[in-house]
Amino acid sequence: TEMAREVWQEVLGYFFAHRERTVEAVQALGLTPGHMKSLFELDPDDPRSMGEIAEALACDASNATWMVDRLEERGLVERRPHPTDRRVKTVVLTPEGVIVKQQMIDALGRPPDDLVALDRAHLEALRAAVRLLPAHPPFSAPSPRPISKRAVS
């Protein structure tokens, strides 16, 4: 409906009006927005193939390889052999990567001052409205990923 479009545009407008906060938060950790997107896709207990990473980042495999190389140089990820296909390398977060990912989530999760300035009643109304939407995980707990069409088993 038109009202839903208007609400969505307001939400997007608010988000994009604060995008510099995202850039500042990741730069403070010595990361780029590409690093941020990559870290959100990785986990220490869920090895992802380079193809899966490229698919999740909506980029060419060579770009995903370049990004993983940069994260590996920083000690945030490591490549491991695939358990059943030795031609495939998987990527997981290292313990340092887990720490940096959590620091990034914490920094990105800090609300903007103008949101904090709203009174409690307005904040409760916003929270209640968002909770009417289909179930979605809180920002601090990344959602489980669907199994990729390109996953190697």
Side-chain angles (χ1 to χ4, degrees), residues 7-116 118 123 126-153:
V7 169
W8 181 242
Q9 290 175 344
E10 289 289 335
V11 169
L12 284 175
Y14 185 77
F15 173 77
F16 283 113
H18 290 82
R19 69 181 170 271
E20 77 282 349
R21 296 180 80 252
T22 301
V23 173
E24 290 170 4
V26 296
Q27 284 179 340
L29 293 168
L31 303 172
T32 67
H35 291 130
M36 175 187 70
K37 291 182 346 186
S38 299
L39 289 175
F40 276 125
E41 295 301 326
L42 296 169
D43 187 88
D45 301 319
D46 182 21
R48 307 281 312 267
S49 72
M50 294 303 294
E52 290 174 304
I53 295 168
E55 185 177 311
L57 298 177
C59 71
D60 186 76
S62 64
N63 291 342
T65 298
W66 184 88
M67 187 61 63
V68 168
D69 287 346
R70 303 295 77 76
L71 293 171
E72 191 173 38
E73 287 169 5
R74 296 234 0 234
L76 303 179
V77 302
E78 69 180 18
R79 286 179 168 92
R80 294 183 182 164
H82 189 278
T84 60
D85 186 346
R86 59 190 194 138
R87 297 168 298 167
V88 176
K89 292 287 185 190
T90 61
V91 181
V92 296
L93 287 178
T94 63
E96 179 66 17
V98 171
I99 291 167
V100 170
K101 181 177 179 177
Q102 188 58 55
Q103 290 172 335
M104 181 182 67
I105 289 169
D106 293 345
L108 294 171
R110 286 188 208 100
D113 292 340
D114 52 0
L115 185 62
V116 172
L118 293 177
L123 289 171
L126 277 170
R127 182 179 64 190
V130 170
R131 287 182 175 171
L132 291 173
L133 297 171
H136 54 277
F139 176 70
S140 59
S143 62
R145 292 177 218 77
I147 295 175
S148 168
K149 297 176 288 194
R150 295 164 46 175
V152 178
S153 47

At their closest point, which heavy atom of [X] faces which heavy atom of [Y], and how far apart are they?
X: Ala64; Y: Cys59; answer: N-SG, 3.8 Å
X: Thr94; Y: Gly75; answer: OG1-O, 2.5 Å
X: Pro47; Y: Val92; answer: CA-CG1, 3.5 Å
X: Ala54; Y: Ala61; answer: CB-CA, 3.9 Å

Point to revise | Stepwise side-chain contact (heavy atoms from CB on, under 4.5 Å) test for Ile53 and Glu41 | key: CA-CA 7 Å; Ile53 295 168; Glu41 295 301 326; 5.6 Å; no

Rounded distance (nearest 0.5 Å) linking atom [atom1] of [X] with atom [atom2] of [Y]:
X: Leu108; Y: His18; atom1: CG; atom2: NE2; answer: 13.5 Å
X: His82; Y: Lys89; atom1: NE2; atom2: NZ; answer: 12.0 Å
X: Arg70; Y: Leu76; atom1: CZ; atom2: CG; answer: 12.5 Å
X: Thr65; Y: Arg79; atom1: OG1; atom2: CZ; answer: 6.5 Å
X: Ile99; Y: Leu29; atom1: CD1; atom2: CG; answer: 12.0 Å
X: Arg131; Y: Leu126; atom1: CZ; atom2: CG; answer: 12.0 Å

Point to revise | Qualifying ring-ring contact (aromatic ring centres under 6.0 Å, His included) pairs, either residue in residues 90-116, two or more places apart | key: none

Practice item. Apply the test side-chain hydrogen bond (donor to acceptor under 3.5 Å, both in side chains) to residues Ser38 and His35: give CA-CA distance (whole Å), side-chain angles for both, the deciding distance (0.1 Å), then the verdict. Key: CA-CA 5 Å; Ser38 299; His35 291 130; over 6 Å; no

Practice item. Determine which pairs satisfy salt bridge (Lys or Arg N to Asp or Glu O under 4.0 Å) with at least one residue from residues 12-23, sequence neighbours left out, and list them in order. Key: none

Exercise for review: Name all residues meeting the side chain to side chain contact (heavy atoms under 4.5 Å, CB included) criterion together with Leu123; count only those two or more places apart in sequence or in a different chain, and write none if there are none.
Suggested key: Leu115, Leu118

Check your understanding: Crowded around Asp60 CG? As in, over 12 foreign heavy atoms under 6.0 Å?
Key -> yes

**Study point:** Heavy-atom neighbours of Glu73 CD exceed 12 at 6.0 Å
**Key:** yes

Between the main-chain N or O of [Y] and the side-chain N or O of [X], is there a donor-acceptor pair closer than 3.5 Å?
X: Thr90; Y: Arg48; answer: no
X: Arg74; Y: Gly30; answer: yes
X: Lys101; Y: Leu39; answer: yes

Review point. Do the side chains of Met36 and Leu31 get nearer than 4.5 Å, heavy atoms only?
Key: no

Practice item. Any chance you could lay out the side-chain contact (heavy atoms from CB on, under 4.5 Å) test for Tyr14 and Glu10, step after step, and finish with the verdict? Key: CA-CA 6 Å; Tyr14 185 77; Glu10 289 289 335; over 6 Å; no

Practice item. Show the numbers, then the answer: is there a side-chain contact (heavy atoms from CB on, under 4.5 Å) between Val77 and Leu42? Key: CA-CA 8 Å; Val77 302; Leu42 296 169; 3.6 Å; yes

